[in-house]
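For clarity, every value in this text was computed on a predicted model and none was experimentally measured. Worth knowing before you read on, the calculation uses all heavy atoms, side chains too, and leaves out hydrogens, waters and symmetry mates.
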Amino acid sequence: MSISAWISIFWKMSLLLQCGLVAVLIGKKSLRRFPFFASYASFTLFSSGVIYLLQGVSKSPFLFYLSWSFEGIGVILGFAVVYEVFEWLLRPYPALRRIALLVFQWSVIALVLMACVVLYAQSTSDQDRRFFSAVMVLEEATRVIEVGLLMFLFLFSTAFGLHWRQCVFGMALGLGIFTTAELVGITMRNFWGPSFHNSFAVVRAIAFNASLLLWAAYLLVPEKQASTTDSMSHGHLEQWNQALTEFIYQ
């Protein structure tokens, strides 16, 4: 079976799994509970469906710009999901949450400026090439930051014994798998060029489908209550939060 056939199979599987994930979000009444994650899941389903339908009909430049515009929006929404995970985990600690918000705000500003600089600095007159380069730089930089933030979050929560809500942990784990595969794939595609595109598409599809399964599973599993150990860790973080609050408002 050719790589193109495998890509088509994984794409159809992805559409079914995305429909299932959105159905789980609606059934568990999580659309308002996790607005960024719900927006990300809904948008990926919408964009995947639109591109899948149009790809069999049109190969016009409009489809090129549309697909890469969807890619850019999806990257931004994925970054918002990382923030939502931070926000949920640090919700009891306002000072820590405020610092996390500042980090995300400056990261977004830096990413937008980087994409604009790349778009402007491209010497080629090929508008498609300039647009593609800007999106690729934005995507690679965002994935680096996402992976770094998620690694920090896992290490931070392990060090302090933070109690994860199971669905939030599932969101972080699934996104970590997908963004890591994306980052490796983008790096290899930039190194080997277009010849790696189909292989990257297969790896990306497998990672995304695995993430979809993880997200749905963690949303469906009942959440456990915090233990005594979690309460002790909460006390330590309260001390950190208080110290940061006094430092910020002194």
Side-chain angles (χ1 to χ4, degrees), residues 4-58 63 66-89 91 139 142-143 146-147 149-150 153-154 157 163-183 185 200-226:
S4 298
W6 280 113
I7 292 173
S8 179
I9 290 171
F10 285 127
W11 200 344
K12 292 174 183 176
M13 288 175 58
S14 175
L15 287 171
L16 291 174
L17 291 172
Q18 287 176 77
C19 289
L21 177 61
V22 172
V24 170
L25 284 167
I26 295 172
K28 299 288 288 186
K29 299 179 180 178
S30 298
L31 296 177
R32 291 185 179 180
R33 190 182 180 197
F34 304 112
F36 287 137
F37 182 72
S39 299
Y40 175 76
S42 301
F43 178 78
T44 54
L45 173 59
F46 168 77
S47 59
S48 298
V50 169
I51 297 300
Y52 183 78
L53 292 174
L54 291 181
Q55 198 168 37
V57 177
S58 173
L63 183 59
L66 182 65
S67 61
W68 282 104
S69 297
F70 281 163
E71 186 77 13
I73 296 171
V75 166
I76 294 169
L77 287 174
F79 193 69
V81 172
V82 177
Y83 168 74
E84 190 164 58
V85 171
F86 265 83
E87 201 275 337
W88 264 91
L89 196 62
R91 183 165 290 181
E139 184 174 14
T142 304
R143 297 309 184 193
E146 282 179 349
V147 171
L149 287 172
L150 288 169
L153 193 59
F154 283 118
S157 62
H163 171 66
W164 285 83
R165 288 181 178 272
Q166 284 180 307
C167 54
V168 178
F169 176 79
M171 286 164 52
L173 181 60
L175 193 63
I177 292 172
F178 178 59
T179 52
T180 301
E182 278 271 274
L183 180 58
F200 168 68
V202 171
V203 173
R204 184 180 194 263
I206 293 173
F208 187 53
N209 287 348
S211 298
L212 290 168
L213 288 170
L214 269 173
W215 289 330
Y218 271 95
L219 283 167
L220 288 169
V221 173
E223 294 182 357
K224 296 179 181 178
Q225 297 297 320

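Applying the side-chain hydrogen bond (donor to acceptor under 3.5 Å, both in side chains) criterion to S42, with sequence neighbours excluded, gives no partner residue.
Contact detail for G78 and L175: the closest heavy-atom pair is O-CD2, 3.6 Å. Between G74 and F43 the shortest heavy-atom distance is N-CE2, 3.7 Å. In this structure, L77 and S39 approach most closely via the heavy-atom pair CD1-O, 4.0 Å.
No donor-acceptor distance shorter than 3.5 angstrom exists from the side chain of T180 to the backbone of I177, with no hydrogens or angles considered. Side chain of T44 to main chain of A41: a donor-acceptor pair is present (N/O by atom type, distance under 3.5 Å, no hydrogens or angles). A side-chain donor-acceptor contact under 3.5 Å links E84 to the backbone of F37.
Side chains of S14 and Q18: a donor on one and an acceptor on the other come within 3.5 Å.
Between F208 and F10, every side-chain heavy-atom pair lies at or beyond the 4.5 Å cut-off.
Separation of atoms CH2 (W11) and CZ (R204) is listed at 10.0 Å; rounding is to 0.5 Å. Taken from CZ in R33 to CG in L219, the straight-line distance is 8.5 Å, to the nearest 0.5 Å. Between Y40 atom OH and F79 atom CZ the span is 13.5 Å, to the nearest 0.5 Å. To the nearest 0.5 angstrom, F70 atom CZ is 4.5 Å from F46 atom CZ. Once rounded to the nearest 0.5 Å, the distance linking CG of L15 with CG of L53 reads 8.5 Å. Atom CG of residue L214 and atom CG of residue L21 lie 11.0 Å apart, to the nearest 0.5 angstrom.
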I would like to know whether V82 and F36 meet side chain to side chain contact (heavy atoms under 4.5 Å, CB included); could you show each step before the answer?
CA-CA 9 Å; V82 177; F36 287 137; over 6 Å; no
Using the rule given for side chain to side chain contact (heavy atoms under 4.5 Å, CB included), can you reason through V50 versus L66, listing the C-alpha separation, both sets of side-chain angles and the distance that settles it, and then say yes or no?
CA-CA 10 Å; V50 169; L66 182 65; 4.0 Å; yes
Run the side chain to side chain contact (heavy atoms under 4.5 Å, CB included) check on K28 and C167 step by step: do they pass?
CA-CA 11 Å; K28 299 288 288 186; C167 54; over 6 Å; no
If you apply the rule side chain to side chain contact (heavy atoms under 4.5 Å, CB included), what do you find for W215 with L212, and how did you get there?
CA-CA 5 Å; W215 289 330; L212 290 168; 3.9 Å; yes
